[in-house]
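In listed order, ligands and their atoms are each counted from 1.
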Amino acid sequence: MNDSNFIHSGDEKKSQVQSMFDRIAGRYDFLNHFLSLGIDLYWRKQSVKTLELQNGHVLLDVATGTGDQGFSALKAASIEVVGLDFSFNMLELAKKKIDQRNLGERFQVVQGDAENLPFKDNSFDALSISYGIRNVGTISAALSEFYRVLKPGGRVSILEFSEPEGWFFGRLYRFYFDHILPKLAGVMSSKSAYTYLPESVRHFPDRSDFKALLSSEGFQYVKHRDLTFGITAIYSGVK
Ligand SMILES: C[S@@+](CC[C@H](N)C(=O)[O-])C[C@H]1O[C@@H](n2cnc3c(N)ncnc32)[C@H](O)[C@@H]1O
């Protein structure tokens, strides 16, 4: 597959990603649930469990998009969520959903950059990011910011697509991601966004390299857990 249409690191990647999400925001939720056959709800719930949230905690959900990871976390305990994203249009949809669910007291959104978080050191009890870390310009810059804003003892949970390691699922996955998904998405939304998806997953570090990045930013007890034959993984650590 031609890999030349997208930039996979740095500031140029950031502006490309930001305008892409601004463009597809209106169709994002539908496509998300449709193309994942609804399994994303289960994946999100597993990520929330990893955070071991307790009543009174404040969670930062980075790259919150239309807010689904935050909504999942709000079901787990009596917590507050701050959702951060740099796409104005994704956040407008998150705000609408927060209002519809009457969650304005517990879920606030902020426009900002994952690599330069507008929060003081040691501000949050927990931090989540779902399908966002693959999209940032410089992964280590974002992880360093996550570490900075977490309180000591705070947990990070990172949900991200990964390439299945088994031969059979590996091939099935690549066929779906490279051929079926961009065609389906092309009919309903923006083909380029769903060509970017498999390409960006391929450019994402493998499991052990990504865990090494988390450790090098200072996180302890770093581990990963594969979900659904390894098409998604949860990476976690503690400050
Ligand atoms: C695939 S969506 C995931 C949204 C949501 N977390 C979910 O699970 O549905 C990726 C989101 O990351 C956001 N994003 C990417 N890079 C970012 C950055 N550097 N700072 C803030 N948000 C970013 C995009 O705007 C987009 O809303």
Side-chain angles (χ1 to χ4, degrees), residues 6-36 38-48 50-51 59-74 81-98 107 109-119 127-146 149 156-162 177 181 185 189-190 192-201 203-204 227 232-235:
F6 304 103
I7 302 142
H8 287 286
S9 67
D11 286 347
E12 265 190 88
K13 173 183 179 182
K14 268 160 76 167
S15 35
Q16 167 193 285
V17 165
Q18 189 174 21
S19 49
M20 183 178 79
F21 281 103
D22 273 334
R23 209 172 54 242
I24 64 165
R27 288 149 292 178
Y28 177 81
D29 278 350
F30 167 73
L31 280 168
N32 222 7
H33 302 316
F34 178 75
L35 297 173
S36 77
I39 307 172
D40 65 300
L41 298 172
Y42 165 74
W43 293 336
R44 293 175 195 291
K45 208 169 161 185
Q46 297 309 306
S47 175
V48 169
T50 306
L51 292 169
L59 166 72
L60 176 64
D61 183 46
V62 180
T64 200
T66 61
D68 281 358
Q69 192 59 45
F71 295 126
S72 180
L74 285 169
V81 175
V82 177
L84 173 132
D85 202 286
F86 66 6
S87 160
F88 178 84
N89 291 347
M90 294 289 271
L91 286 182
E92 284 300 298
L93 289 167
K95 281 192 221 160
K96 254 193 213 155
K97 286 159 72 178
I98 291 167
F107 194 164
V109 297
V110 176
Q111 191 175 13
D113 181 1
E115 294 172 54
N116 188 13
L117 293 172
F119 307 110
L127 189 149
S128 58
I129 176 165
S130 301
Y131 307 106
I133 195 69
R134 176 175 38 87
N135 295 305
V136 303
T138 308
I139 293 174
S140 57
L143 296 181
S144 152
E145 280 293 85
F146 299 173
V149 302
V156 65
S157 179
I158 299 173
L159 189 61
E160 193 47 85
F161 286 117
S162 54
F177 249 47
L181 185 136
S189 175
S190 148
S192 67
Y194 289 87
T195 316
Y196 165 78
L197 177 58
E199 218 180 283
S200 62
V201 174
H203 278 81
F204 191 70
L227 300 171
T232 270
I234 298 173
Y235 301 90

Taking N or O atoms only and a 3.5 Å limit, does [X] qualify as a polar contact for ligand 1?
X    : answer
F86  : yes
A114 : yes
D113 : yes
Y28  : yes
Q69  : no
S130 : yes

Give the numbers and elements of all ligand 1 atoms closer than 4.0 Å to a heavy atom of N135.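 Listed by number with element: 10 (C), 15 (C), 16 (N).
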Mode of [X] contact toward ligand 1 - side chain, backbone, both, neither (heavy atoms, under 4.0 Å):
X   : answer
M90 : side chain
V62 : neither
V17 : side chain

Distance-only donor-acceptor check, side chains S157 and S47, under 3.5 Å: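 On atom types as modelled, these side chains qualify, holding a pair under 3.5 Å.
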T232 versus Y131, side-chain donor and acceptor atoms under 3.5 Å: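 Yes, side-chain donor-acceptor contact under 3.5 Å.
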So is [X] in contact with ligand 1, going by heavy-atom distances below 4.0 Å?
X    : value
R134 : no
G112 : yes
Q18  : no

Are the side chains of [Y] and [X] in contact, using a 4.5 Å heavy-atom criterion?
X    : Y    : result
V81  : F71  : no
V110 : P118 : yes
F146 : L60  : no
T50  : V156 : no

Apply side chain to side chain contact (heavy atoms under 4.5 Å, CB included) to L59 and V82, showing your working. CA-CA 6 Å; L59 166 72; V82 177; over 6 Å; no
For [atom], find the nearest protein heavy atom and state the residue, atom name and distance (0.1 Å precision).
atom                    : value
atom 6 (N) of ligand 1  : A63 O, 2.7 Å
atom 8 (O) of ligand 1  : R44 NH1, 2.7 Å
atom 11 (C) of ligand 1 : D85 OD2, 3.7 Å

Apply the test side chain to side chain contact (heavy atoms under 4.5 Å, CB included) to residues Q111 and D85: give CA-CA distance (whole Å), side-chain angles for both, the deciding distance (0.1 Å), then the verdict. CA-CA 5 Å; Q111 191 175 13; D85 202 286; over 6 Å; no
Should F86 and F21 be marked as a ring pair (Phe, Tyr, Trp, His ring centres under 6.0 Å) after you check the CA-CA gap, both sets of side-chain angles, and the distance that decides it? CA-CA 9 Å; F86 66 6; F21 281 103; 8.1 Å; no
Assess whether side chain to side chain contact (heavy atoms under 4.5 Å, CB included) is satisfied between K14 and D113, documenting all intermediate values. CA-CA 9 Å; K14 268 160 76 167; D113 181 1; 2.6 Å; yes
